[in-house]
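First comes the structure, then the notes that go with it.
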Amino acid sequence: MERTTAGWGSGLLGVIIFSGSLPATRVAVGGFSPLFLTSARAVIAALLGCALLLILRQRPPARTDILSLAVVAVGVVAGFPLLTALALQHITPAHSIVFIGLLPLATAIFGVLRGGERPRPVFWLFALMGGLSVAGFALWQSGPSSLTGDLLMVAAILLCGLGYAEGATLSRRLGGWQVISWALLLALPLMAAIALATLPVSWHVITVPQWSGLAYVSVFSMLVGFVFWYRGLAIGGIAGVGQLQLLQPFFGLALAWLLLGEPVAWSMIAVTGLVLICVFGARRFAR
């Protein structure tokens with residue numbers, strides 16, 4: 001019970017950190033191309049992860065783990081950041097929440113397929129209700145959609161769900177921060193080559209907020225958040241803890257209210273309450 005509670009606490013902290021990812025990405029793509037942003041954030045995070053591995057003298061992963069680390073790298077190091085950055089050129093962050101609301105369900109499905117978990121049938125009812133609540137709220141709040149942007153977000157969600165489940169399974173053996181660090185290191189040569197090939201033409205036109213967006217997604221979204229997230233999934237359960245992602249859009253909106261003074265609608269408070277019920281219900285029946 002204590003491990004499960006610790007897992008949910010760690011997962012919640014990861015979700016709070018991830019909540020700033022989409023807004024930061026939206027700001028950053030105003031000054032950087034999606035390819036450079038994706039590769040640069042991975043390179044910066046990989047260098048930090050490499051330093052941690054060296055300082056703490058971590059053993060290299062076994063050869064049998066390389067394929068799984070490659071899946072993590074494709075899913076969360078390259079695939080999700082690149083596809084969301086491309087999608088945000090066609091849709092708004094508010095509309096992207098429609099798809100982020102389906103990420104917990106995708107994570108749970110891959111948790112069954114890759115992690116061997118077997119949640120009870122009632123769990124799926126709460127997971128589906130939570131996902132539809134977030135997606136419905138976002139669809140009601142968002143502006144016009146784009147088929148290109150929507151398809152990119154669907155692909156991003158599938159890759160991210162797979163990367164989350166695969167990374168959580170590996171974390172049971174290697175540790176949470178070790179998994180993301182090794183995955184980043186594995187992707188470093190390719191990401192560095194892409195970054196060099198897509199360097200901005202003019203650096204002086206890049207604004208401070210755009211640099212800040214790059215810094216946030218590099219340090220927090222790409223590394224620090226995963227330290228807590230993978231630990232939470234590993235010890236608390238992939239399917240159950242994954243449902244905490246349902247709260248991510250509302251944390252993001254709360255940050256916008258706190259930092260930017262954006263208004264909070266009554267509908268947001270009502271849907272947040274419904275989502276909380278779904279998250280606690282999913283936790284109850286996750287195992």
Side-chain angles (χ1 to χ4, degrees), residues 4 7-8 11-12 14-16 18-19 21-22 75-76 79-80 83-84 87 91 93-142 145 147 149-169 229-230 232-234 236-254 265-287:
T4 300
W8 279 73
L12 180 61
V15 167
I16 292 173
F18 290 151
S19 297
S21 298
L22 285 177
V76 303
F80 183 76
L83 292 173
T84 52
I91 60 176
H95 187 73
S96 69
I97 294 174
V98 174
F99 302 93
I100 299 299
L102 301 177
L103 181 54
L105 191 59
T107 303
I109 292 172
F110 283 116
V112 170
L113 297 176
R114 301 297 301 165
E117 297 192 352
R118 294 293 182 269
R120 292 183 237 176
V122 180
F123 164 84
W124 296 106
L125 176 62
F126 280 110
L128 186 60
M129 285 175 54
L132 291 177
S133 297
V134 175
F137 171 76
L139 194 60
W140 179 49
Q141 295 285 324
S142 65
S145 63
L147 179 60
D150 289 352
L151 291 176
L152 286 168
M153 284 302 302
V154 169
I157 294 307
L158 291 176
L159 282 178
C160 192
L162 175 59
Y164 281 168
E166 197 73 32
T169 303
W229 182 239
Y230 275 150
L233 291 175
I238 299 171
V241 174
Q243 299 310 299
L244 286 170
Q245 296 169 101
L246 290 169
L247 298 173
Q248 183 172 324
F250 303 102
F251 284 137
L253 291 172
W266 65 266
S267 55
M268 173 186 163
I269 298 174
V271 175
T272 301
L274 178 60
V275 167
L276 281 171
I277 294 173
C278 294
V279 169
F280 281 112
R283 180 185 180 182
R284 173 71 177 81
F285 296 102
R287 292 182 175 182

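What's counted below: heavy atoms across the whole structure, side chains too, no hydrogens, waters or symmetry copies.
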Q: Kindly compute the distance separating CG (Leu128) from CG (Leu105), expressed to the nearest 0.5 Å.
A: 6.5 Å
Q) Looking at CG of Leu103 and CD of Gln243, how far apart are the two atoms once the value is rounded to the nearest 0.5 Å? A) 9.5 Å
Q. Can you tell me how far the CZ atom of Phe110 sits from the CG atom of Leu162, to the nearest 0.5 Å?
A. 5.0 Å
Q: With rounding to the nearest 0.5 Å, note down the distance linking OG1 in Thr107 to CZ in Arg114.
A: 14.5 Å
Q.
If I compare all heavy atoms of Trp8 with all of Gly236, which pair ends up nearest, and what's the gap?
A. NE1-O, 3.9 Å
**Q.** Least distance between heavy atoms, Leu233 atom then Gly242 atom
**A.** CD2-N, 3.8 Å
Q. Once you round to the nearest 0.5 Å, how far does CG of Leu132 lie from CG of Leu102?
A. 7.5 Å
(Q) Contact between Gln245 and Tyr164 at the side-chain level, heavy atoms closer than 4.5 Å - yes or no? (A) yes
Q: Provide the closest heavy-atom pair for Thr84 versus Ala156 in the form atom of the first, atom of the second, distance.
A: CG2-CB, 3.9 Å
Q. Quick one: does Val154's side chain get under 4.5 Å of Ile157's, heavy atoms only?
A. no
(Q) Using side-chain heavy atoms (C-beta onward) and a distance below 4.5 Å, is Trp124 in contact with Val112? (A) yes
Q: Return the set of residues passing side chain to side chain contact (heavy atoms under 4.5 Å, CB included) with Ser21 (not counting sequence neighbours), or none when no residue passes.
A: Phe18, Ser221
Q. How would you list all residue pairs meeting salt bridge (charged side-chain N to carboxylate O under 4.0 Å, His left out) that involve residues 122-131, not counting sequence neighbours?
A. none
(Q) According to salt bridge (charged side-chain N to carboxylate O under 4.0 Å, His left out), does anything in residues 122-137 pair up with another residue at least two apart or in another chain? List the pairs. (A) none
Q.
Could you measure the distance from the CZ atom of Phe251 to the CG atom of Leu246? Nearest 0.5 Å is fine.
A. 11.0 Å
Q.
If you compare all heavy atoms of Pro119 against all heavy atoms of Ala239, which two are closest, and at what distance to 0.1 Å?
A. CG-CB, 3.7 Å
